2 protein chains.
Amino acid sequence: MGKQMTEMLKGTLEGMVLAILSVQPAYGYEITARLREQGFSDVVEGTVYALLIRVEQRGLVDVEKVPSEKGPPRKVYTLNAQGREYLEEFWRTWSFLAERLEQLHHDEEE
Amino acid sequence: MGKQMTEMLKGTLEGMVLAILSVQPAYGYEITARLREQGFSDVVEGTVYALLIRVEQRGLVDVEKVPSEKGPPRKVYTLNAQGREYLEEFWRTWSFLAERLEQLHHDEEE
DNA sequence: TCCGCTATTCAGTGTTACTATGTACCGGTA
DNA sequence: TACCGGTACATAGTAACACTGAATAGCGGA
């Protein structure tokens, strides 16, 4: 991944993680692995953990410690009602931006 | 506009400005006004000027001073060959991100 | 015992957009 | 002449966020 992607992820990575959590609860290491599998190859643990702490402090997710067979206990995050509201707002913002960008891309090719 | 949009613009605003310049040359004040008209209501001059200086220093645009009837001389920016390459890369990055987000949005609604 | 994988944490850095303010040029008007 | 509003650019300071790099810790297998 390049610098452009790094900058573009600012403001969208958070929404992506919340969207992942809206499908089903997950923990940091797992979320990171999933993102990397989907092509975001240099999203690293540190980034996701910091993000999870932020959304937790803002009250968008609930946390539960679950023991793991393979290592230290996992912190499993669940999207709560406030998080769902915030996620909806995220999609609205994203859609607005995506529409304008589509328009720009289209204009450019004429 | 909210905080979400502010964060999302990091990494996309630059591409948007370059896309505007790829259609036709323009100057800072004009670009700002156009963005604001299109709904990016709190993009301010200072932001765009700083961005234009950055892309100029990276050699993505050419600059020409043009006298104005209504005020101080305008700095008219034109996208050059290197800028076009960079813009193509921007669109590739954007498309990749947009596809994954569409997928996430879709998954979420099942 | 040591290594590799799982899993979390944290201090430090760089980039970017916004805030707030200042400078400067011009035309119109009182 | 003096002032004001609109045009146009510049810049120091701040906040937010993703990445770097390193540390800690638990578990199983060679």
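Note on naming: letters A, B, ... go to the chains in the order of the sequence lines (proteins, then strands), and numbering restarts at 1 for each one. In what follows, every heavy atom counts, from backbone to side chain, and hydrogens, waters and symmetry copies are set aside. These numbers come from a predicted model, not from an experiment.
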Student: Given atom CD of B:Glu45 and atom P of D:dT7, what is their separation to the nearest angstrom?
Tutor: 10 Å

Student: Would you say the side chain of A:Lys10 and the base of C:dT15 hold a donor-acceptor pair, judged only by whether the two atoms sit under 3.5 Å apart?
Tutor: yes

Student: Rounded to whole Å, please give me the gap between CZ in A:Arg58 and C1' in D:dA15.
Tutor: 13 Å

Student: Atom OH of B:Tyr27 to atom C1' of D:dA8: distance rounded to whole Å?
Tutor: 8 Å

Student: Measure the distance from CD1 on A:Ile31 to P on C:dT6 and round it to the nearest whole Å.
Tutor: 16 Å

Student: Closest to the B:Tyr29 side chain: D:dC17, D:dC19, D:dC9?
Tutor: D:dC9

Student: Determine, using ring centers only, whether B:Phe96 and A:Phe40 are less than 6.0 Å apart.
Tutor: yes

Student: If I take atom CZ in residue B:Arg36 and atom P in nucleotide C:dA17, what distance separates them, rounded to the nearest angstrom?
Tutor: 16 Å

Student: Under 4.0 Å between a side-chain N/O of B:Tyr49 and OP1 or OP2 of D:dC9, yes or no?
Tutor: yes

Student: Specify the separation, in whole Å, of atom CE of A:Met5 and atom C1' of C:dT16.
Tutor: 17 Å

Student: Under 4.0 Å between a side-chain N/O of B:Thr47 and OP1 or OP2 of C:dC18, yes or no?
Tutor: yes

Student: Does A:Glu14 pair with A:Arg58 as a salt bridge, N-O distance under 4.0 Å?
Tutor: yes

Student: Using heavy atoms to find the nearest nucleotide of DNA chain D for B:Lys65 and A:Leu13 separately, return the residue whose nucleotide is more 5′.
Tutor: B:Lys65

Student: Do the charged groups of B:Glu7 and B:Lys10 touch, with an N to O distance under 4.0 Å?
Tutor: yes

Student: Just to be sure I understand the rule, does B:Ser68 reach a base, reach only the sugar-phosphate, or reach nothing, if contact means heavy atoms closer than 4.0 Å?
Tutor: sugar-phosphate

Student: Does a salt bridge link B:Arg92 with B:Glu89, judged by any charged N lying under 4.0 Å from a carboxylate O?
Tutor: yes

Student: Are any of the side-chain nitrogens in B:Glu88 or B:Arg84 under 4.0 Å away from the carboxylate oxygens of its partner?
Tutor: no

Student: So what does A:Glu30 hit on the nucleic acid, given a heavy-atom distance under 4.0 Å: a base, only sugar-phosphate, or nothing?
Tutor: nothing

Student: Of A:Ala50 and A:Pro72, whose nearest nucleotide on DNA chain C comes first from the 5' end?
Tutor: A:Pro72

Student: What contact category does A:Gly28 fall into here, base, sugar-phosphate, or nothing, at under 4.0 angstrom with non-hydrogen atoms?
Tutor: sugar-phosphate

Student: Expressed in angstrom and rounded to an integer, what is the separation of B:Lys3 atom NZ from D:dA15 atom C1'?
Tutor: 9 Å

Student: Reckon B:Arg54 has a side-chain N or O less than 4.0 Å from the OP1 or OP2 of C:dT16?
Tutor: yes

Student: Rounded to whole angstroms, how far apart are CD on A:Glu69 and C1' on D:dG26?
Tutor: 12 Å

Student: Have a look at B:Gly46 and say if it touches a base, only the backbone sugar-phosphate, or nothing, with a 4.0 Å heavy-atom cut-off.
Tutor: base

Student: Counting only distance, no hydrogens or angles, is the base of C:dT6 paired donor-acceptor with the side chain of A:Lys70 under 3.5 Å?
Tutor: no

